[in-house]
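The analysis underlying the following values was restricted to heavy atoms, covering all of them including side chains, and did not include hydrogens, waters or symmetry mates.
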Amino acid sequence: MKVVEVLHMNGGNGDVSYANNSLVQRKVILMTKPITEEAISDLYCSLLPETLCIADLGCSSGANTFLVVSELVKVVEKERKKHKLQSPEFYFRFNDLPGNDFNVIFQSLGEFEQDLRNQTGEELGPCFFSGVPGSFYTRLFPSKSLHFVHSSYSLMWLSQVPDLIEKNKGNIYMSSTSPPSVIKAYYKQYGKDFTNFLKYRSEELMKGGKMVLTFLGRENEDPSSKECCYIWELLSMALNELVVEGLIEEEKLDAFNIPQYTPSPAEVKYIVEKENSFTINRLEATRVHWNASNDHINGGYNVSRCMRAVAEPLLVSQFGPKLMDLVFQKYEEIVSYCMAKEKPEFINVTVSLTKN
């Protein structure tokens with residue numbers, strides 16, 4: 001499985017699209033808003049740039065993409081009015097892997113920009129938008145061309161499935177039953193990827209430029225702990241049921257692993273300091289319930305749809321499209337049963353950085 005070819009959220013505006021099933025991601029963007037606002041405000045007040053170039057990495061598509069942009073613009077506009085300055089020219093660069101539904105973004109731009117002007121006033125400077133397809137584990141932008149980088153719920157995805165020397169039998173991700181070599185391989189891949197990410201962004205950001213990164217993480221130092229692996233463990237259970245029913249080959253399941261790593265704040269800190277291009281301003285962990293909707297009756301359904309919007313393209317690449325309805329029907333039942341007994345939460349790790 002080439003991750004760069006198959007990792008993307010479900011496109012369009014249908015029932016199982018990411019655009020209609022990303023409430024958790026929206027809630028996390030709003031939860032981490034004070035950190036983002038502080039960073040963009042500090043950046044603008046220290047540089048007072050006439051042109052402000054901002055990149056959103058792993059932008060996906062739908063309302064969340066524009067939520068980030070509008071929040072950043074509002075902060076800058078508030079600060080420049082205080083300084084009695086002209087509004088800067090804004091240049092937004094939306095990045096995601098080539099399979100991302102960029103069309104949904106560009107089809108909505110006209111309406112979005114008009115709404116933004118209605119909210120901020122006609123003095124708002126010109127806004128330019130571009131799509132940048134490619135992996136953020138490679139160079140994406142010209143040297144020293146960016147002021148600010150934002151990324152939310154993207155950096156936990158790895159550039160590839162780790163090279164495993166042992167089978168991760170019966171699992172699709174790290175778990176308490178995974179061999180130690182599997183856990184080690186996942187961490188090694190994460191360390192390599194995150195180091196590359198920091199290196200390439202340090203080349204693209206100007207001195208004093210800032211980044212705010214939020215990813216699924218964990219507070220526990222055990223990378224196979226329930227707080228970060230449980231959501232995938234339940235999906236693994238659904239797939240194993242289909243193996244028992246003879247609908248999925250056991251070998252196919254054993255050969256499938258999710259390309260993701262959810263780091264602890266300590267792991268993030270260690271790699272940032274080791275790579276040495278950035279200074280950490282803030283590093284925080286927050287929690288959000290699996291079901292971000294106010295609809296608590298259909299919690300299992302909501303979580304299942306959210307995970308389907310995220311994981312379906314990966315599953316289709318390994319098991320084909322025919323079984324997807326059945327997989328997520330089983331998953332919904334398993335998740336509903338678990339949520340009736342406990343209140344599972346995602347852990348978010350947010351780090352605010354300044355380029356040295």
Side-chain angles (χ1 to χ4, degrees), residues 3-4 7 28-29 32 35-36 38-40 42-43 46-47 52-60 68 72 92-97 132-163 184-218 221 223 228 259-286 347-356:
V3 169
V4 72
L7 178 59
V28 171
I29 289 169
T32 56
I35 298 175
T36 309
E38 179 184 73
I40 192 72
D42 286 352
L43 173 94
S46 63
L47 299 178
L52 191 55
C53 191
I54 296 170
D56 189 16
L57 307 185
C59 64
S60 195
V68 171
L72 292 170
F92 291 98
R93 311 191 79 162
F94 297 120
N95 156 260
D96 214 311
L97 291 174
V132 183
S135 168
F136 47 50
Y137 296 123
T138 63
R139 271 292 297 268
L140 293 166
F141 308 106
S143 296
K144 298 181 176 63
S145 65
L146 301 177
H147 292 94
F148 191 84
V149 169
H150 174 271
S151 182
S152 186
Y153 264 40
S154 299
L155 261 170
M156 64 276 185
W157 293 107
L158 301 171
S159 66
Q160 64 174 67
V161 175
D163 292 323
K184 194 175 175 183
Y186 265 94
Y187 178 72
K188 185 181 176 185
Q189 187 62 49
Y190 162 72
K192 180 184 172 187
D193 282 346
F194 192 39
T195 299
N196 281 338
F197 177 89
L198 294 168
K199 174 180 172 283
Y200 293 129
R201 300 300 81 77
S202 74
E203 292 169 12
E204 296 161 352
L205 276 158
M206 56 189 63
K207 187 175 171 61
K210 292 183 183 286
M211 292 201 293
V212 176
L213 315 171
T214 298
F215 23 70
L216 271 174
R218 63 182 200 279
E221 285 310 316
C228 56
Q260 190 179 90
Y261 187 86
T262 45
S264 68
E267 287 173 339
V268 172
K269 184 172 186 279
Y270 173 74
I271 291 174
V272 170
E273 289 179 349
K274 188 181 173 189
E275 199 276 334
N276 201 33
S277 296
F278 293 89
T279 298
I280 295 174
N281 306 313
R282 291 177 72 172
L283 176 59
E284 297 179 11
T286 52
I347 312 293
N348 319 302
V349 175
T350 302
V351 62
S352 176
L353 305 159
T354 301
K355 187 191 163 186
N356 296 333

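The minimum heavy-atom distance linking Asn95 with Val132 is given by the pair ND2-O, 2.9 Å. The two residues Gln189 and Ser159 have their closest heavy-atom pair at NE2-OG, 3.3 Å. Contact record, Ser145 with Pro142: OG-O, 2.8 Å, taken as the closest heavy-atom pair. Shortest non-hydrogen contact noted between Ser152 and Val28 is OG-CG1, 4.4 Å. Scanning both residues, Pro263 and Val349, for their nearest heavy atoms gives O-CG2, 3.6 Å. Nearest approach of Lys355 to Ser202, heavy atoms of both residues: NZ-O, 2.8 Å.
The distance from atom OH of Tyr200 to atom OG1 of Thr138, rounded to the nearest 0.5 Å, is 7.0 Å. Distance check: Ser352 OG to Ile280 CD1 gives 9.5 Å after rounding to the nearest 0.5 Å. Atoms CZ and CG, from Phe136 and Leu213 in turn, are 9.5 Å apart once rounded to the nearest 0.5 Å. With rounding to the nearest 0.5 angstrom, the OG1 atom of Thr279 is 9.5 Å from the CD atom of Glu273. The CG atom of Leu43 sits 9.0 Å away from atom CG of Leu205, with the distance rounded to the nearest 0.5 Å. In this structure, Ile40 CD1 and Ile35 CD1 are separated by 14.5 Å, a value rounded to the nearest 0.5 Å.
With hydrogens and angles disregarded, no donor-acceptor distance shorter than 3.5 Å links the side chain of Asp163 to the backbone of Ala185. In terms of modelled atom types and a separation under 3.5 Å, the side chain of Arg201 and the main chain of Glu204 share no donor-acceptor contact. His147 places a side-chain N or O within donor-acceptor distance of the main-chain N or O of Cys53, the cut-off being under 3.5 Å.
For the pair Pro162 and Lys184, the minimum side-chain heavy-atom distance is 4.5 Å or more. Under the 4.5 Å side-chain criterion, counting only non-hydrogen atoms from C-beta, Phe148 is in contact with Val212. Annotation: side chain of Asn348 is in contact with side chain of Tyr153 (closest heavy-atom distance under 4.5 Å). For the pair Arg93 and Leu140, the minimum side-chain heavy-atom distance is 4.5 Å or more. Here the side chains of Phe215 and Thr262 are not in contact, with every heavy-atom distance at 4.5 Å or above. Counting heavy atoms from C-beta outward, Ser135 and Leu97 have side chains that approach closer than 4.5 Å. Asp56 places none of its side-chain heavy atoms less than 4.5 Å from the side chain of Leu72.
Checking Tyr187 against Glu267 by side-chain atom types alone, no donor-acceptor pair falls below 3.5 Å.
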| query | Under the side chain to side chain contact (heavy atoms under 4.5 Å, CB included) criterion, do His150 and Cys59 qualify, and how do the steps go? | reply | CA-CA 9 Å; His150 174 271; Cys59 64; over 6 Å; no
| request: Check step by step if side chain to side chain contact (heavy atoms under 4.5 Å, CB included) holds for Phe278 and Val351. | output: CA-CA 11 Å; Phe278 293 89; Val351 62; over 6 Å; no
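Note: Tyr137 and Phe197 have perpendicular aromatic rings, judged against thresholds of 30 and 60 degrees for the angle between ring planes.
Between Lys210 and Glu38 no salt bridge is recorded (no basic side-chain N to carboxylate O distance below 4.0 Å).
Of the candidates Leu353, Thr354, Asn281, Leu353 is the only one forming a side-chain contact (heavy atoms from CB on, under 4.5 Å) with Met211.
Every side chain to side chain donor-acceptor pair (under 3.5 Å) that Thr214 has, sequence neighbours left out, goes to Thr350.
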